[in-house]
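In each ligand, atom 1 is the first atom listed, and ligand 1 is the first ligand listed. Only a predicted model underlies this, so the values are computations on that prediction, with no experimental measurement involved.
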Amino acid sequence: NDGGDAGTVVVTRTKTVTKRPNLYRVLLLNDDYTPMEFVIHVVENFFQKNREEATRIMLHVHHHGVGECGIFSYEVAETKVTQVMDFARKHQHPLQCVMEKK
Ligand code: NFA
């Protein structure tokens, strides 16, 4: 060998490192005053559910006290919560929307 790289073979092994994103459930909480139709509207418009799915989610919250509207990254979940809470307040309904780490 002459001290150069003649005859040298470099083998690079690439191992993929995957990082699961931290996910958060966005939940609606039941109350005695928010109209069912308003909750369906919220689920349809902020969580992109069709009327049938939105109705199913609203009734789940109504009967069980809490229900999931979707699972998102921290930033998106926080935005959903803020949007729903602002919309409920604007319409003077006590509807509560929260996020929890999955
Ligand atoms: N419980 C409310 C009612 O009977 C409806 C509701 C459902 C409110 C889901 C909040 C969340 N009008």
Side-chain angles (χ1 to χ4, degrees):
N1 207 318
D2 62 4
D5 63 2
T8 300
V9 175
V10 176
V11 178
T12 303
R13 289 197 306 153
T14 303
K15 190 157 131 203
T16 304
V17 177
T18 51
K19 189 153 87 31
R20 293 200 316 268
N22 291 317
L23 294 178
Y24 293 79
R25 296 187 186 93
V26 173
L27 310 172
L28 285 177
L29 308 185
N30 189 35
D31 66 71
D32 292 339
Y33 305 104
T34 305
M36 290 184 172
E37 191 52 49
F38 183 84
V39 179
I40 293 170
H41 177 87
V42 163
V43 176
E44 281 182 306
N45 288 277
F46 292 101
F47 298 97
Q48 284 80 45
K49 306 294 190 191
N50 63 33
R51 192 149 190 96
E52 180 180 328
E53 179 70 356
T55 302
R56 193 189 65 71
I57 291 170
M58 182 282 295
L59 285 174
H60 180 97
V61 176
H62 179 68
H63 287 122
H64 296 90
V66 59
E68 181 183 299
C69 296
I71 301 176
F72 307 98
S73 67
Y74 182 89
E75 193 176 10
V76 172
E78 191 180 51
T79 300
K80 300 283 184 195
V81 169
T82 300
Q83 288 174 337
V84 171
M85 294 299 287
D86 288 353
F87 188 69
R89 170 167 295 183
K90 178 170 112 176
H91 291 271
Q92 300 191 305
H93 294 310
L95 182 64
Q96 296 289 305
C97 183
V98 300
M99 60 194 274
E100 69 167 29
K101 197 166 192 305
K102 202 169 171 248

Just to check, does Leu29 reach to within less than 4.0 Å of ligand 1 when the distance is taken from its heavy atoms?
yes
Nearest non-hydrogen protein atom to atom 9 (C) of ligand 1, with distance, is Val61 CG1, 3.5 Å
Shortest non-hydrogen pair, Tyr24 vs Ser73, comes out as CD1-C, 4.2 Å
Side chain His62, main chain Met58, donor-acceptor under 3.5 Å
no
Heavy-atom check, side chain of Arg25 versus side chain of Lys101, under 4.5 Å:
no
Contact between ligand 1 and Leu28 is defined here as a heavy atom of the residue under 4.0 Å from a ligand atom; is it met?
no
So Phe47 and Val26, do their side chains get closer than 4.5 Å, heavy atoms only?
yes
Can you report which non-hydrogen protein atom sits closest to atom 4 (O) of ligand 1, along with the distance?
His62 CE1, 3.2 Å
Can an N or O of Thr34 be found at a distance shorter than 3.5 Å from an N or O of ligand 1?
yes
Run down the list Val43, Asp31, Asp32 and name the one with the heavy atom closest to atom 1 (N) of ligand 1.
Asp31
Between Leu27 and the options Val81, Val61, Val98, the side chain to side chain contact (heavy atoms under 4.5 Å, CB included) test singles out Val98
Please could you name the atoms of ligand 1 that Leu95 approaches to less than 4.0 Å, counting only its heavy atoms?
10 (C), 11 (C)
Work out which heavy atom in His93 is nearest to a heavy atom in Pro35; give both atom names and the distance.
CE1-CD, 3.3 Å
Please report which non-hydrogen protein atom sits nearest to atom 7 (C) of ligand 1, along with the residue it belongs to and the distance in Å to one decimal place.
Asn30 OD1, 3.6 Å
